[in-house]
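Here's the structure we're looking at; comments come further down.
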Amino acid sequence: MLDENSDCESEDLQGGVQGKTGCCGRHEVLLGVINNVAEVMLASDSSNLDESVKAASKALADVLCVDRVNIWRNDYINGDLVYIQEYHWLSDNCVSAQSVMLKESFSYRETAPEWPEHLKKGGIINGPFSELDERGQNQLYPYDVKSILVIPAFVHGKLWGFVSFDDLRESRSFDDDDVSLIRSGALMIATAIDRNVALESAIKASQAKSQFLSNMSHEIRTPLNTIIGMTTIGLNTPEPEKKDDSFKKILGASQHLLAVINDILDMSKIEANKIELSPTNFSFEKMLQQTVN
């Protein structure tokens, strides 16, 4: 797939050497790599997503001749917009280079306040380290970056995050034709990651509902057993005191059962965003006694 007459060795997503390409990257070679990235990311799932993202990152890094690829996801922490590193690839030739830890987050406001609006408009950051502003240089200095390419990634029409490509050896700007195709690769990677996150959330939600139903079944069965048991005792005892005690326990169990049913209804209201809090006075001692009973 890669042009065998070029200089920079690159491997395909399955690990086989496909040939060599110049460090500037040729359009047809990059297009072939993008097609491979698309195939791999579309076929990825939660069981192999990590390997697929790393393989796609390496393929793009090889054709661009960069040494590091970082994939960042936007999020809010305490109301502050941050970017969090989701995935990371580093060339074997640069294993000693300092890198950001996975899941580490940085505030846009503190490190790159102009980036969010710039990236939202589809803008990129492309060029040597020396052309970055002071904040950008301070942020990247510990990581030995000589040149950087930052591509925004959009999912469902919103800025999901960005993918950064770091050259740790040469000061340069990346070719515009290469950048236009790299956008497609960044989009595919971000979409696959977002799809996996959504799938995991759906699975967790399903598991939570199953656990909730299991717990509620026990919560409902317990007071029902009390009601049935105390009713049987009350009917079969001639002693008024025992009958009264049974009736009290039946009343307590009935109230507990009603509270459980109300909790279930509250869960439905929460899902429908219709829950309302009602401050009410209650006896803590009485609640404990009911629980003991």
Side-chain angles (χ1 to χ4, degrees), residues 42-53 73-82 84-87 102-105 155-158 160-161 190-293:
L42 288 173
S44 65
D45 55 35
S46 57
S47 65
N48 64 359
L49 182 65
D50 288 359
E51 292 78 8
S52 297
V53 172
R73 174 180 58 84
N74 287 350
D75 203 350
Y76 284 91
I77 297 180
N78 297 324
D80 189 24
L81 181 62
V82 301
I84 303 171
Q85 188 184 71
E86 287 291 318
Y87 288 91
L102 285 177
K103 303 301 180 182
E104 187 172 355
S105 65
V155 176
H156 305 306
K158 295 183 179 180
W160 178 87
T191 300
I193 295 172
D194 183 73
R195 182 183 68 222
N196 182 68
V197 170
L199 177 60
E200 288 184 349
S201 297
I203 292 174
K204 289 180 180 179
S206 177
Q207 292 173 341
K209 287 185 177 180
S210 297
Q211 185 65 40
F212 174 74
L213 290 175
S214 177
N215 291 340
M216 287 300 100
S217 297
H218 288 287
E219 291 290 336
I220 291 172
R221 186 171 61 183
T222 299
L224 277 177
N225 284 337
T226 300
I227 293 170
I228 293 170
M230 290 298 101
T231 300
T232 302
I233 292 174
L235 290 173
N236 293 327
T237 182
E239 301 176 24
E241 291 183 359
K242 287 188 176 180
K243 284 185 180 291
D244 290 344
D245 183 62
S246 296
F247 289 148
K248 288 179 181 179
K249 289 180 178 176
I250 290 171
L251 178 60
S254 300
Q255 291 172 337
H256 177 68
L257 180 58
L258 179 60
V260 171
I261 294 173
N262 287 335
D263 286 344
I264 295 174
L265 294 175
D266 285 342
M267 289 294 292
S268 299
K269 289 181 179 179
I270 290 173
E271 289 189 343
N273 292 323
K274 294 182 178 179
I275 189 68
E276 294 181 2
L277 298 181
S278 300
T280 305
N281 294 326
F282 69 97
S283 170
F284 186 70
E285 182 178 357
K286 184 177 180 181
M287 182 192 69
L288 288 179
Q289 187 60 52
Q290 288 175 340
T291 303
V292 170
N293 293 337

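All heavy atoms count here, side chains included; hydrogens, waters and symmetry mates do not.
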Worksheet, complete the sentence: In short, Leu49 meets Ile193 closest at the heavy-atom pair CD2-CA, 4.2 Å
Worksheet entry | Rounded distance [0.5 Å steps], CG in Asp244 versus OG1 in Thr237 | 10.5 Å
Discussion item. Let me confirm one number: the CZ-CE distance from Phe212 to Met267, rounded to the nearest 0.5 Å.
Written reply: 4.5 Å
Worksheet, complete the sentence: dist Thr191:OG1 -> Leu42:CG (nearest 0.5 Å) comes out at 9.0 Å
Discussion item. Could you check whether any side-chain heavy atom of Ser44 comes within less than 4.5 Å of a side-chain heavy atom of Arg195, counting everything from C-beta outward?
Written reply: yes
Practice prompt. Measure the spacing between CG of Leu199 and CD1 of Ile203 and express it to the nearest 0.5 Å.
Written response: 4.0 Å
Worksheet entry | From CG (Leu251) to CZ (Phe247), nearest 0.5 Å | 11.0 Å
Worksheet item: Are Asp245 and Lys249 ion-paired here, with the side-chain N under 4.0 Å from a carboxylate O?
Response: yes
Worksheet entry | Rounded distance [0.5 Å steps], CG in Asn74 versus CH2 in Trp160 | 8.5 Å
Practice prompt. Check Ile227 against Ser254 and note the closest heavy-atom contact, atom names and distance.
Written response: CD1-OG, 3.6 Å
Discussion item. Looking at every heavy atom in both Asn48 and Ala43, which two are closest together, and how far apart are they?
Written reply: ND2-O, 4.3 Å
Discussion item. When you compare the side chains of Glu219 and Asn215, does any donor N or O come within less than 3.5 Å of an acceptor on the partner?
Written reply: no
Discussion item. Ignoring hydrogens, what is the shortest heavy-atom contact between Ile250 and Thr231? Give both atom names and the distance.
Written reply: CD1-OG1, 3.4 Å
Worksheet entry | Atom of Ser105, atom of Ile77 and distance for their closest heavy-atom approach | OG-CD1, 3.8 Å
Worksheet entry | salt bridge (charged side-chain N to carboxylate O under 4.0 Å, His left out) between Arg73 and Asp75, worked out | CA-CA 7 Å; Arg73 174 180 58 84; Asp75 203 350; 3.2 Å; yes
Item to complete: Answer yes when Glu86 and Lys103 have at least one side-chain N-carboxylate O distance shorter than 4.0 Å, and no when they do not.
Response: yes
Response to the item:
Correct closest heavy-atom pair for Lys243 and Gly234 would be NZ-O, 2.5 Å
